[in-house]
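Below is one structure, written out as C-alpha coordinates; comments come after it.
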Amino acid sequence: MIELKHLQAGYPGRPVLEDVCLDFRPGEVFAVLGPNGCGKSTLLRTSNGLLAPTGGDILVDGVPLEKLSSKQVAQKIAYLPQSRSIPSITARRMVLHGRFPYLSYPRRYGQKDHETVRKALERVGASDLASRPLPELSGGQRQKVYLAMALAQDTRTILMDEPTTYLDISCQLEVMALARRLAEEGRAVVMVLHDLCLALRYAHRAALLCSGRVRQTGTPEELFQSRALEKVMGTSLGRAETAEGWRYYYQ
(Lines give C-alpha, C1' and ligand atoms only; values in the text may rest on other atoms or scores of the structure.)
Protein backbone atom coordinates (compact mmCIF):
# COMPACT_ATOMS: atom_id res chain seq x y z
CA MET A 1 0.00 0.00 0.00
CA ILE A 2 1.23 3.49 -0.88
CA GLU A 3 0.08 6.53 1.08
CA LEU A 4 0.72 10.07 -0.14
CA LYS A 5 0.34 12.69 2.57
CA HIS A 6 0.32 16.34 1.54
CA LEU A 7 2.71 15.50 -1.26
CA GLN A 8 4.48 18.25 -3.16
CA ALA A 9 6.65 17.51 -6.19
CA GLY A 10 8.05 19.05 -9.32
CA TYR A 11 11.20 20.09 -11.10
CA PRO A 12 13.71 22.93 -10.57
CA GLY A 13 11.78 26.14 -10.98
CA ARG A 14 8.60 24.30 -11.91
CA PRO A 15 6.37 22.97 -9.11
CA VAL A 16 3.86 20.42 -10.39
CA LEU A 17 2.00 18.75 -7.51
CA GLU A 18 0.64 20.56 -4.48
CA ASP A 19 -0.87 19.08 -1.29
CA VAL A 20 -1.78 15.70 -2.82
CA CYS A 21 -3.31 13.22 -0.36
CA LEU A 22 -4.06 9.79 -1.82
CA ASP A 23 -3.74 6.11 -0.96
CA PHE A 24 -3.35 3.17 -3.32
CA ARG A 25 -4.91 0.14 -1.65
CA PRO A 26 -4.40 -3.59 -2.23
CA GLY A 27 -7.29 -5.14 -4.09
CA GLU A 28 -8.12 -2.03 -6.10
CA VAL A 29 -7.62 -0.60 -9.56
CA PHE A 30 -7.02 3.11 -9.01
CA ALA A 31 -7.27 5.42 -12.02
CA VAL A 32 -5.43 8.74 -12.19
CA LEU A 33 -7.28 11.13 -14.50
CA GLY A 34 -6.83 14.69 -15.66
CA PRO A 35 -5.83 16.89 -18.61
CA ASN A 36 -2.35 16.94 -20.11
CA GLY A 37 0.20 18.65 -17.91
CA CYS A 38 -1.77 18.29 -14.67
CA GLY A 39 0.88 16.12 -12.99
CA LYS A 40 -0.30 12.54 -13.55
CA SER A 41 3.07 11.15 -14.67
CA THR A 42 4.88 13.18 -12.03
CA LEU A 43 2.61 11.61 -9.44
CA LEU A 44 3.65 8.08 -10.45
CA ARG A 45 7.35 8.93 -10.69
CA THR A 46 7.29 10.47 -7.23
CA SER A 47 5.30 7.59 -5.74
CA ASN A 48 8.06 5.09 -6.51
CA GLY A 49 11.05 7.31 -5.76
CA LEU A 50 12.21 8.16 -9.27
CA LEU A 51 11.52 11.81 -8.47
CA ALA A 52 12.21 13.16 -5.00
CA PRO A 53 9.28 15.01 -3.40
CA THR A 54 9.73 18.61 -2.38
CA GLY A 55 7.34 18.23 0.54
CA GLY A 56 4.98 15.86 2.32
CA ASP A 57 5.36 12.16 3.02
CA ILE A 58 5.25 8.90 1.03
CA LEU A 59 4.66 5.70 2.96
CA VAL A 60 5.10 2.24 1.42
CA ASP A 61 3.51 -0.44 3.58
CA GLY A 62 3.77 2.01 6.46
CA VAL A 63 7.49 2.73 5.95
CA PRO A 64 8.75 6.12 4.70
CA LEU A 65 9.88 5.71 1.10
CA GLU A 66 13.24 7.39 1.77
CA LYS A 67 14.13 4.68 4.31
CA LEU A 68 13.91 1.93 1.66
CA SER A 69 16.79 1.03 -0.63
CA SER A 70 16.23 1.14 -4.38
CA LYS A 71 16.23 -2.67 -4.40
CA GLN A 72 13.61 -2.82 -1.66
CA VAL A 73 11.44 -0.32 -3.55
CA ALA A 74 11.74 -2.40 -6.73
CA GLN A 75 10.61 -5.49 -4.81
CA LYS A 76 7.50 -3.65 -3.67
CA ILE A 77 6.59 -1.40 -6.63
CA ALA A 78 6.68 -2.13 -10.37
CA TYR A 79 6.53 0.88 -12.67
CA LEU A 80 5.54 0.87 -16.33
CA PRO A 81 6.46 4.30 -17.78
CA GLN A 82 4.67 6.01 -20.62
CA SER A 83 7.61 5.51 -23.00
CA ARG A 84 11.03 3.87 -22.91
CA SER A 85 14.00 3.08 -25.13
CA ILE A 86 13.87 0.04 -27.41
CA PRO A 87 17.00 -2.08 -26.92
CA SER A 88 18.04 -4.67 -29.52
CA ILE A 89 17.18 -7.68 -27.38
CA THR A 90 14.48 -10.32 -27.53
CA ALA A 91 11.16 -9.93 -25.79
CA ARG A 92 12.05 -12.74 -23.36
CA ARG A 93 15.29 -10.99 -22.39
CA MET A 94 13.37 -7.75 -21.84
CA VAL A 95 10.89 -9.43 -19.53
CA LEU A 96 13.79 -11.01 -17.60
CA HIS A 97 14.76 -7.46 -16.60
CA GLY A 98 11.77 -7.59 -14.28
CA ARG A 99 13.67 -10.13 -12.18
CA PHE A 100 16.62 -7.78 -11.49
CA PRO A 101 15.43 -6.79 -7.97
CA TYR A 102 15.78 -10.41 -6.85
CA LEU A 103 19.25 -11.07 -8.26
CA SER A 104 22.70 -10.37 -6.90
CA TYR A 105 25.62 -9.31 -9.07
CA PRO A 106 26.65 -10.86 -11.40
CA ARG A 107 23.10 -11.65 -12.47
CA ARG A 108 22.42 -15.33 -12.95
CA TYR A 109 18.86 -16.32 -13.76
CA GLY A 110 17.49 -19.45 -12.17
CA GLN A 111 14.64 -21.78 -13.04
CA LYS A 112 12.18 -19.69 -11.01
CA ASP A 113 13.09 -16.56 -12.97
CA HIS A 114 12.59 -18.23 -16.34
CA GLU A 115 9.31 -19.77 -15.21
CA THR A 116 8.06 -16.42 -13.91
CA VAL A 117 8.90 -14.83 -17.27
CA ARG A 118 7.14 -17.59 -19.17
CA LYS A 119 3.98 -17.13 -17.12
CA ALA A 120 4.12 -13.33 -17.45
CA LEU A 121 4.36 -13.50 -21.26
CA GLU A 122 1.53 -16.02 -21.33
CA ARG A 123 -0.64 -13.87 -19.12
CA VAL A 124 -0.46 -10.85 -21.42
CA GLY A 125 -0.92 -12.96 -24.55
CA ALA A 126 2.65 -12.49 -25.79
CA SER A 127 4.12 -16.00 -25.60
CA ASP A 128 4.56 -16.04 -29.37
CA LEU A 129 6.74 -12.92 -29.16
CA ALA A 130 9.30 -14.35 -26.73
CA SER A 131 12.08 -14.95 -29.27
CA ARG A 132 11.49 -11.87 -31.42
CA PRO A 133 13.72 -8.77 -31.17
CA LEU A 134 11.98 -5.74 -29.68
CA PRO A 135 12.77 -3.40 -32.61
CA GLU A 136 10.82 -5.72 -34.92
CA LEU A 137 7.64 -5.54 -32.85
CA SER A 138 4.78 -3.11 -33.32
CA GLY A 139 4.04 -0.51 -30.66
CA GLY A 140 1.18 -2.61 -29.32
CA GLN A 141 3.29 -5.76 -29.20
CA ARG A 142 6.08 -3.96 -27.34
CA GLN A 143 3.55 -2.63 -24.84
CA LYS A 144 2.50 -6.19 -24.07
CA VAL A 145 6.13 -7.12 -23.49
CA TYR A 146 6.60 -4.20 -21.10
CA LEU A 147 3.45 -5.25 -19.24
CA ALA A 148 4.88 -8.75 -18.93
CA MET A 149 8.10 -7.28 -17.53
CA ALA A 150 6.10 -5.45 -14.85
CA LEU A 151 4.31 -8.69 -13.97
CA ALA A 152 7.61 -10.59 -13.80
CA GLN A 153 8.77 -8.13 -11.14
CA ASP A 154 6.16 -9.79 -8.90
CA THR A 155 5.31 -6.79 -6.70
CA ARG A 156 2.23 -5.98 -4.63
CA THR A 157 1.87 -2.56 -6.25
CA ILE A 158 1.97 -1.85 -9.98
CA LEU A 159 2.08 1.69 -11.38
CA MET A 160 1.18 2.02 -15.07
CA ASP A 161 1.45 5.26 -17.04
CA GLU A 162 -0.97 5.10 -19.97
CA PRO A 163 -0.69 1.31 -20.44
CA THR A 164 -3.30 1.21 -23.22
CA THR A 165 -1.27 3.48 -25.52
CA TYR A 166 -0.68 1.94 -28.99
CA LEU A 167 -3.21 -0.82 -28.34
CA ASP A 168 -6.32 -1.46 -30.41
CA ILE A 169 -9.63 -1.56 -28.57
CA SER A 170 -9.65 -5.34 -28.02
CA CYS A 171 -6.15 -5.21 -26.51
CA GLN A 172 -7.14 -2.22 -24.37
CA LEU A 173 -9.99 -4.24 -22.92
CA GLU A 174 -7.60 -7.15 -22.28
CA VAL A 175 -5.22 -4.87 -20.36
CA MET A 176 -8.03 -3.44 -18.26
CA ALA A 177 -9.43 -6.91 -17.53
CA LEU A 178 -5.91 -7.99 -16.52
CA ALA A 179 -5.71 -5.02 -14.15
CA ARG A 180 -8.90 -6.15 -12.47
CA ARG A 181 -7.60 -9.71 -12.11
CA LEU A 182 -4.37 -8.44 -10.56
CA ALA A 183 -6.41 -6.40 -8.08
CA GLU A 184 -8.50 -9.47 -7.25
CA GLU A 185 -5.23 -11.21 -6.34
CA GLY A 186 -4.60 -8.52 -3.73
CA ARG A 187 -2.41 -6.13 -5.68
CA ALA A 188 -2.76 -2.36 -5.83
CA VAL A 189 -2.94 -1.37 -9.51
CA VAL A 190 -2.56 2.33 -10.29
CA MET A 191 -3.17 3.44 -13.88
CA VAL A 192 -2.84 6.84 -15.55
CA LEU A 193 -5.55 6.80 -18.20
CA HIS A 194 -6.80 9.26 -20.79
CA ASP A 195 -9.81 7.20 -21.81
CA LEU A 196 -12.42 8.22 -19.24
CA CYS A 197 -14.85 5.53 -20.35
CA LEU A 198 -12.33 2.75 -19.73
CA ALA A 199 -11.39 4.27 -16.38
CA LEU A 200 -14.99 4.52 -15.17
CA ARG A 201 -15.77 1.00 -16.34
CA TYR A 202 -12.82 -0.77 -14.72
CA ALA A 203 -11.51 1.31 -11.81
CA HIS A 204 -12.64 0.80 -8.24
CA ARG A 205 -11.64 4.36 -7.36
CA ALA A 206 -10.17 7.31 -9.19
CA ALA A 207 -8.54 10.67 -8.61
CA LEU A 208 -9.15 13.66 -10.85
CA LEU A 209 -6.18 16.02 -11.03
CA CYS A 210 -6.31 19.61 -12.20
CA SER A 211 -3.36 22.02 -12.17
CA GLY A 212 -1.37 19.81 -9.85
CA ARG A 213 -4.07 19.40 -7.22
CA VAL A 214 -6.59 16.66 -6.56
CA ARG A 215 -9.95 18.00 -7.66
CA GLN A 216 -11.91 14.95 -6.52
CA THR A 217 -11.45 11.32 -5.50
CA GLY A 218 -14.07 8.62 -5.30
CA THR A 219 -15.76 5.74 -7.03
CA PRO A 220 -16.65 5.95 -10.72
CA GLU A 221 -20.25 6.54 -9.66
CA GLU A 222 -19.25 9.49 -7.46
CA LEU A 223 -17.12 11.07 -10.18
CA PHE A 224 -19.79 10.60 -12.81
CA GLN A 225 -22.59 12.01 -10.67
CA SER A 226 -20.56 15.06 -9.61
CA ARG A 227 -19.93 16.06 -13.25
CA ALA A 228 -16.40 17.05 -12.18
CA LEU A 229 -14.93 15.07 -15.08
CA GLU A 230 -16.95 17.06 -17.57
CA LYS A 231 -15.94 20.37 -16.00
CA VAL A 232 -12.23 19.58 -15.86
CA MET A 233 -11.89 17.55 -19.05
CA GLY A 234 -14.26 19.60 -21.19
CA THR A 235 -16.25 16.65 -22.43
CA SER A 236 -19.71 15.24 -21.88
CA LEU A 237 -20.26 11.67 -20.70
CA GLY A 238 -23.30 9.43 -20.83
CA ARG A 239 -23.86 5.86 -19.76
CA ALA A 240 -26.10 2.86 -20.35
CA GLU A 241 -26.81 -0.03 -18.01
CA THR A 242 -25.97 -3.49 -19.32
CA ALA A 243 -25.97 -7.00 -17.88
CA GLU A 244 -22.26 -6.51 -17.07
CA GLY A 245 -22.76 -3.11 -15.43
CA TRP A 246 -22.56 0.50 -16.56
CA ARG A 247 -20.99 1.28 -19.93
CA TYR A 248 -19.86 4.86 -20.39
CA TYR A 249 -19.63 6.80 -23.63
CA TYR A 250 -18.73 10.25 -24.93
CA GLN A 251 -21.66 12.41 -25.99
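Numbers here are sequence positions counted from 1.
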By the salt bridge (charged side-chain N to carboxylate O under 4.0 Å, His left out) test, which pairs, at least two apart or in different chains, include something from residues 146-158? Asp154-Arg187
Would you please name every residue forming a ring pair (Phe, Tyr, Trp, His ring centres under 6.0 Å) with Tyr146, sequence neighbours left out? none
Checking Tyr79 now: which residues fulfil ring pair (Phe, Tyr, Trp, His ring centres under 6.0 Å) with it, not counting sequence neighbours? none
To check you understand the geometry: which heavy-atom pair defines the closest contact between Phe224 and Leu237, and what is its length? CE1-O, 3.8 Å
I need the full list of salt bridge (charged side-chain N to carboxylate O under 4.0 Å, His left out) pairs touching residues 40-61, with sequence neighbours left out, sorted by first then second residue. Asp61-Lys76
Count the heavy atoms belonging to other residues, nucleotides or ligands that lie under 6.0 Å from NE2 of His114, then report whether that count exceeds 12. yes
Looking just at side-chain N and O atoms, do Ser236 and Gln251 make a donor-acceptor pair shorter than 3.5 Å? yes
Can you list every salt bridge (charged side-chain N to carboxylate O under 4.0 Å, His left out) pair that touches residues 12-32, not counting sequence neighbours? Asp23-Arg25, Asp23-Arg205, Arg25-Glu28, Glu28-Arg205
Taking side-chain contact (heavy atoms from CB on, under 4.5 Å) as the test, write out the residues that go with Ser138, two or more places apart. Gln141
Partners of Tyr202 by ring pair (Phe, Tyr, Trp, His ring centres under 6.0 Å), sequence neighbours excluded? none
Determine yes or no for a side-chain-to-main-chain donor-acceptor pair under 3.5 angstrom, with Gln172 supplying the side chain and Leu167 the backbone. yes
Inter-residue atom distance Leu33.CG - Arg215.CZ, 0.5 Å rounding: 13.0 Å
With sequence neighbours left out, what residues match Gln75 under side-chain hydrogen bond (donor to acceptor under 3.5 Å, both in side chains)? none
Only pairs at least two apart or in different chains count here, so list each salt bridge (charged side-chain N to carboxylate O under 4.0 Å, His left out) that has a residue in residues 108-117. Arg99-Asp113, Glu115-Arg118
Okay, side chain of Gln143, backbone of Pro163: is any donor-acceptor separation there less than 3.5 Å? yes
Leu159 side chain near Leu80 side chain, heavy-atom distance below 4.5 Å: no
Taking a hydrophobic cluster as the set of Ile, Leu, Val, Met, Phe, Trp and Tyr residues connected by side-chain heavy atoms closer than 4.5 Å, whether directly or through intermediates, do Leu151 and Leu137 fall within one such cluster? yes
Which residues pass the side-chain hydrogen bond (donor to acceptor under 3.5 Å, both in side chains) test with Thr217, sequence neighbours left out? none
Tell me, please, which residues at least two apart from Arg239 pass salt bridge (charged side-chain N to carboxylate O under 4.0 Å, His left out). Glu221
Salt bridge check: are Lys144 and Glu122 linked by an N-O gap of less than 4.0 Å? no
For residues 82-106, pull every pair meeting ring-ring contact (aromatic ring centres under 6.0 Å, His included), keeping only residues two or more places apart or in separate chains. His97-Phe100
Thinking salt bridges, do Arg227 and Glu230 make one under a 4.0 Å N-O criterion? yes
With no hydrogens and no angle check, is any side-chain donor or acceptor of Thr155 less than 3.5 Å from a backbone partner on Thr157? yes
